[in-house]
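We count residues from 1, following the sequence as given.
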Amino acid sequence: LDAARNELRAKFDNGVEYGHGKRTVSEVFRLDLDNWRTTKVVAEKRYVREFAVTEAGDKLAMITAVDDSVVKSEGGSRVDVWNAAENRVETTDGSWTKTAGSPYPWLGDLAWNPAGTKLAFCTIFDAYPAEVIVQEADGDAWKATRMKRPPGVHVRGYGSPLRWLSDNALGYLGEKAGYIDVYAYGTESKDVLGVPREGVVVYDFAPTPTGGAITLEGTGIAFPELHSRGPDGKKLTDLNPQTANWNLPYVKHVTWKAPDGSTVGGPLELPFGYSKESGKKLPLVVAIHGGPTTASYADLRFDPHNGRLYFAAKGYAVLCPNYRGSTGYGDKFTTDLVGNENDLDVKDILAGIEHLVKEGIADPDR
């Protein structure tokens, strides 16, 4: 290292030049599809990470930072809006950061309502639940509100796709205890809309003009398929017909008690046809998700990183513990890990293993 440092010092007179390099910034252009001519609309000398345009094309929302570095993009981003009528860029209301879990989140999933009067985005943190912020035009300014979530429900892991179901209803993916469904928030009522289901894991969704939605969703016994949501809801696809006669594992969500009395849970994957009443004890694989501000979900999925599907197919039980710090079990469950890393989480995981041994599912020697 000393040799490399001396070489750089000999090459550059000013240490700042090789210590920081050049800033990367962005420009945004409008493309006319009739004549293929471009017009520059934004050149603010900032890096644009993501943008979204209103249906009318009169406003452009952008997540921007001073450059493209990780520390600035994930710790110093903001939401700007370019207004075509006035040809100027304005910064939206940042007051929500004063009461956020962290003042330095990363932002994503910009979405305009159909009228172009409201803008939503996810604000994402490590060690704190993700939030959704709704910005509404208020004269010449913007007014930010934080989306209300149902008790115990989190915006999915590290953020969710946001889809406006109407001008005043925002749809998002919410997770609770290892399952994910489409949730909705009323921006006028400031309350939760509808009643989500249990036992499904939704990957993505798209609203339909009739007020329903198309979802990509799976369960503990079926791979993900496209489904229509609404009065005439039904499965629309058969994406894996070759699996119809396969002896597939079964996935369910299980819970246990941690040493401090907290309830912990996570998906348990079991071999086809297994029943603990048989008295057979299974070798156990423990698949520990990363993050930690996310979770493992109780659906049938092929996940080689965590050994999902193929271990159970060979006779193993697979436990995916959503230890303290995971999402979907309430805000306190997530934030309890702060300052207790490698303590509470480890105890939660070991307690899950002991639970399966006591239940007669896991072989204590394997």
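Taking CD of E225 as the start and OG1 of T215 as the end, the distance is 10.5 Å to the nearest 0.5 Å. Interatomic distance, CD1 of I133 versus CG of L162, reported as 11.0 Å (0.5 Å rounding). Atom CG of residue L193 and atom OH of residue Y185 lie 9.5 Å apart, to the nearest 0.5 angstrom. Rounded to the nearest 0.5 angstrom, Y158 OH and T294 OG1 are separated by 6.5 Å. In this structure, T327 OG1 and R156 CZ are separated by 10.0 Å, a value rounded to the nearest 0.5 Å. Atoms OH and CG, on Y203 and L226 in that order, are 12.5 Å from each other to the nearest 0.5 Å.
Looking at S275, its side chain does come within 3.5 Å of a backbone N or O of E277 through a donor-acceptor pair. Put simply, the side chain of T54 never gets that close to the backbone of G116: no donor and acceptor are under 3.5 Å apart. Between the T334 side chain and the Y128 main chain, no donor and acceptor come within less than 3.5 Å of each other. Checked by atom type and distance alone, the side chain of E359 never pairs as donor or acceptor with a backbone atom of V357 at under 3.5 Å. Between the side chain of R49 and the main chain of A65, no donor-acceptor pair closer than 3.5 Å is present. Without hydrogens or angle criteria, E50 side chain to D109 main chain gives a donor-acceptor distance under 3.5 Å. With W164 contributing its side chain and P114 its backbone, the two residues share no donor-acceptor pair below 3.5 Å. Here the side chain of D181 pairs a donor or acceptor atom with the backbone of R197 at under 3.5 angstrom. Using modelled atom types, one side-chain atom of D345 and one backbone atom of D343 make a donor-acceptor pair closer than 3.5 Å. With hydrogens and angles ignored, the 3.5 Å screen pairs no side-chain donor or acceptor of W96 with any backbone N or O of R146.
Residues D238 and P241 share a closest heavy-atom pair of O-CD, 3.3 Å. Contact detail for D348 and W256: the closest heavy-atom pair is O-NE1, 3.0 Å. Across all their heavy atoms, D93 and A144 have their closest contact at OD2-N, 2.9 Å. Scanning both residues, A351 and A258, for their nearest heavy atoms gives CB-CA, 4.2 Å. Nearest heavy-atom pair, A313 versus P249, reported as atom, atom and distance to 0.1 Å: N-CG, 4.0 Å. When every heavy atom of N322 is checked against every heavy atom of P267, the shortest pair comes out as ND2-CD, 3.9 Å.
A side-chain contact (heavy atoms from CB on, under 4.5 Å) with H154 is found for one member of P129, S160, S326 and no other, namely P129. Screening N340, N342, V346 for a side-chain contact (heavy atoms from CB on, under 4.5 Å) involving L344 leaves a single residue, N340.
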For R324 and D260, run side-chain contact (heavy atoms from CB on, under 4.5 Å): C-alpha distance rounded to whole Å, both residues' side-chain angles, the deciding distance at 0.1 Å, then the answer.
-> CA-CA 12 Å; R324 225 76 57 93; D260 65 359; 3.1 Å; yes

Would V41 and W82 count as a side-chain contact (heavy atoms from CB on, under 4.5 Å) if you check the C-alpha gap in whole Å, the side-chain angles of each, and the deciding distance to 0.1 Å?
-> CA-CA 8 Å; V41 295; W82 172 74; 3.8 Å; yes

Could you check D167 against K118 for salt bridge (charged side-chain N to carboxylate O under 4.0 Å, His left out), going step by step and ending with a plain yes or no?
-> CA-CA 8 Å; D167 278 329; K118 297 175 183 177; over 6 Å; no

Start with the C-alpha gap between N306 and R301, add the side-chain angles, then the distance that decides, and say whether side-chain contact (heavy atoms from CB on, under 4.5 Å) holds.
-> CA-CA 10 Å; N306 287 301; R301 62 173 62 195; over 6 Å; no

Please test E136 against T187 for side-chain contact (heavy atoms from CB on, under 4.5 Å), starting from the C-alpha separation and ending with a verdict.
-> CA-CA 10 Å; E136 186 168 2; T187 56; 6.0 Å; no

Test N113 against T117 for side chain to side chain donor-acceptor pair (under 3.5 Å), laying out the working first.
-> CA-CA 7 Å; N113 71 343; T117 56; 3.0 Å; yes

Do any side-chain atoms of residues 100-108 form donor-acceptor pairs under 3.5 angstrom with protein atoms, and if so which ones, sequence neighbours left out?
residue, atom, partner, partner atom, Å
S102, OG, Y104, N, 3.1

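Between V155 and M147, the closest side-chain pair of non-hydrogen atoms falls below 4.5 Å. Between F205 and L173, the closest side-chain pair of non-hydrogen atoms falls below 4.5 Å. A 4.5 Å side-chain heavy-atom check between D32 and R30 finds every atom pair outside the cut-off. The shortest distance between side-chain heavy atoms of L337 and T293 does not fall below 4.5 Å. The closest side-chain heavy-atom distance from F311 to E269 is not below 4.5 Å. Using a 4.5 Å heavy-atom cutoff, the side chains of V66 and R46 are in contact. V89 is listed as a side-chain neighbour of M62, based on a closest heavy-atom distance under 4.5 Å.
Other residues, nucleotides and ligands contribute only 12 or fewer heavy atoms inside 6.0 Å of the OH atom of Y316. Residue N245 qualifies as open at atom CG: its count of foreign heavy atoms under 6.0 Å is 12 or below. The number of heavy atoms from other shown groups lying within 6.0 Å of CZ (F51) does not exceed 12. Atom CD1 of I221 is surrounded by 12 or fewer heavy atoms from other residues, nucleotides or ligands within 6.0 Å. The 12-atom threshold is not exceeded at CD of E198, counting heavy atoms of other residues, nucleotides or ligands nearer than 6.0 Å.
Linking ILVMFWY side-chain heavy atoms closer than 4.5 Å, directly or via other members, places V251 and V318 in a single hydrophobic cluster. In terms of hydrophobic clustering, with Ile, Leu, Val, Met, Phe, Trp and Tyr side chains grouped at heavy-atom distances under 4.5 Å, L309 and Y250 are assigned to different clusters. Connection of V153 to V192 is not established within any shared hydrophobic cluster, with ILVMFWY side chains joined at heavy-atom distances below 4.5 Å, either directly or through further cluster members. Grouping the Ile, Leu, Val, Met, Phe, Trp and Tyr side chains by contacts below 4.5 angstrom, directly or via other members, places I288 with L350. L60 and V81 sit in two unconnected hydrophobic clusters of ILVMFWY residues. Membership requires side-chain heavy atoms under 4.5 Å apart, directly or through other members.
Side-chain contact of R308 with S296: a donor-acceptor pair under 3.5 Å is absent, judged by distance alone. Checking K190 against T145 by side-chain atom types alone, no donor-acceptor pair falls below 3.5 Å. There is no side-chain donor-acceptor pair under 3.5 Å between E131 and T123. A donor and an acceptor atom, one from each side chain of T263 and K257, are located under 3.5 Å apart. In summary, the side chains of E175 and Y297 do present a donor paired with an acceptor at a separation below 3.5 Å, with no hydrogens or angles considered. Side-chain N/O atoms of Y179 and D299 include no donor and acceptor closer than 3.5 Å.
Residues E86 and R88 are paired through a salt bridge, judged by an N-O separation under 4.0 Å between the basic side chain and the carboxylate. Electrostatic pairing of R78 and D80 counts as a salt bridge here, judged by a charged N lying under 4.0 Å from a carboxylate O.
A cation-pi arrangement, defined by a distance under 6.0 Å to the six-membered ring centre and an angle within 45 degrees of its axis, is absent between R149 and Y183.
Using cut-offs of 30° and 60° on the angle between ring planes, the pair F302 and Y310 is tilted.
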